[in-house]
Amino acid sequence: MRSGTSSLMIARLISNAGKMHNANLKAVSKRIKQPKWTPAEDQFIKDNLGYLTDEEIGKKLGRTAVGVHVHWSRDLHLKGPSKAPGILTAHDIAKILQVDAHKIAHWVDVGFIKGRLMAGGRKIRLIKEKDFYKWALQTNNWIYFDPSKVGDSELAHLINIRAKLWGDEWWSTPKVAKYHRVNTKDVTRLIADGRIRAVQPKWSLGGRHPNQAWKYWFVKKSEATKPSLKFYHRKGVPGHSRIFTDSAIAWIVKAIDEKGMNFTEVARSMKLKDKQAGSVRNWYCRTKGIDLSTKFKYRGKRRKKVTK
DNA sequence: CGTGGATATTTACCTGTGAG
DNA sequence: CTCACAGGTAAATATCCACG
């Protein structure tokens, strides 16, 4: 069938040859004489398709880029490198994960997701499906996408299994805050103090900011809901949470009123950092009903003089 | 410690581009 | 023409800093 049509084409070309210039006639006869593709050449194409351009392959084999392209697509029935089975583009992965494609392209570029650039002028990322699956099934990477939103049915199934085995979740700071009915700032504060264990993504979450001034925090559900983590609320201070227990505040008052300690000393006695002395003062003032702003300045200055 | 404010990042789009 | 990506943008909001 195929040989029939091609010989037809040749016959047509030859019949038209009379109307052609000599140069064209030469080209036609040259094409007919193209040597047959050897198994070694076929293998070379299979090995290098996507790694080299058609032109580069042609140069190696002494054939034209068009000749190479026609051979792998028509004769060898190979798919284009970005459409080959088991190969995904950054765009494909973005669709599967339901995230912006910029992210995937960036994560491939920085080596977070294993992949490579396709040969040619376009920056098309080729990622082996297996490598992507391996990446997507690591629970540590679930801070980069929502595993429950994965569209690909096979991957979604595998993720489901992994999620059940893990038995945990990544929570954003607002989610932790909502759970405890406190402000997000309260959560980030405790993270900064080391009272809540949390992680930040190593790579730009949005895929557009390689050098970040700050990053999101993620907390495991198990960590966010641990019994030892409690936020204390005070009446009359809306939207305001504290970490000091009643007994801790009682100690602050006692240490200052009865022991004559300054705020820094009290903070140290509570195993807090020196810079947290201001907070000790805050709660001392609140407890004693002293105005927070004005009284503080006066008190802080005088105390410094007294201790020195 | 607690918080207001400044600043940066993410999100979620849309549009442009150029190779094939 | 299509596809895959690059670049833009506005709005929302998380984080960090500095100071009380």
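Lettering follows sequence order; numbering is per chain, from 1.
The base of C:dG7 is paired with the side chain of A:His102 by a donor and an acceptor separated by under 3.5 Å. Residue side chain A:Arg125 does not reach the base of C:dC5 through any donor-acceptor N/O pair under 3.5 Å, judged by distance alone.
Note on A:Ser172: nothing from the nucleic acid sits closer than 4.0 angstrom, heavy atoms only. Counting any heavy atom pair closer than 4.0 Å across all strands shown, A:Ala101 reaches no nucleic acid atom. Backbone-only contact: A:Asn211 has heavy atoms under 4.0 Å from sugar-phosphate atoms and none from a base. When heavy atoms are screened at a 4.0 angstrom cut-off, A:His209 is found touching base atoms of the nucleic acid.
One can place CZ of A:Phe218 at 13 Å from C1' of C:dT15, the figure rounded to the nearest angstrom. A:Asp186 places its CG atom 11 Å from the P atom of B:dG4, with the value rounded to the nearest Å. If you take CG of A:Leu126 and P of C:dA4, they are 10 Å apart, rounded to a whole angstrom.
A residue-by-residue look at A:Lys185 and A:Pro201 shows that A:Lys185 has its nearest nucleotide of DNA chain B further toward the 5' end. Both A:Gln98 and A:Met118 lie close to DNA chain B; mapped to their nearest nucleotides by heavy-atom distance, the more 5′-ward contact belongs to A:Gln98.
Using a cut-off of 4.0 Å between Lys/Arg side-chain N and Asp/Glu carboxylate O, A:Asp109 and A:Arg125 are scored as salt-bridged.
Taking each heavy atom of A:Glu223 and A:Lys226 in turn, the nearest pair found is OE2-NZ, 2.7 Å.
Ranking C:dT15, C:dG7, B:dC13 by closeness to the A:Thr188 side chain, first place goes to C:dT15. Residue A:Arg122 places its side chain closer to C:dA4 than to any other of C:dA4, C:dA14, C:dA6. Ranking C:dG8, C:dC16, C:dC5 by closeness to the A:Arg208 side chain, first place goes to C:dG8. Among C:dT15, B:dT11, C:dA6, the nucleotide with an atom closest to any side-chain atom of A:Lys103 is B:dT11. In this structure, the nucleotide among C:dT15, B:dT9, C:dA6 sitting nearest to the side chain of A:Gln212 is B:dT9.
Judged by a 6.0 Å distance limit and a 45° cone about the ring axis, A:Arg63 is positioned over the six-membered ring of A:Trp37.
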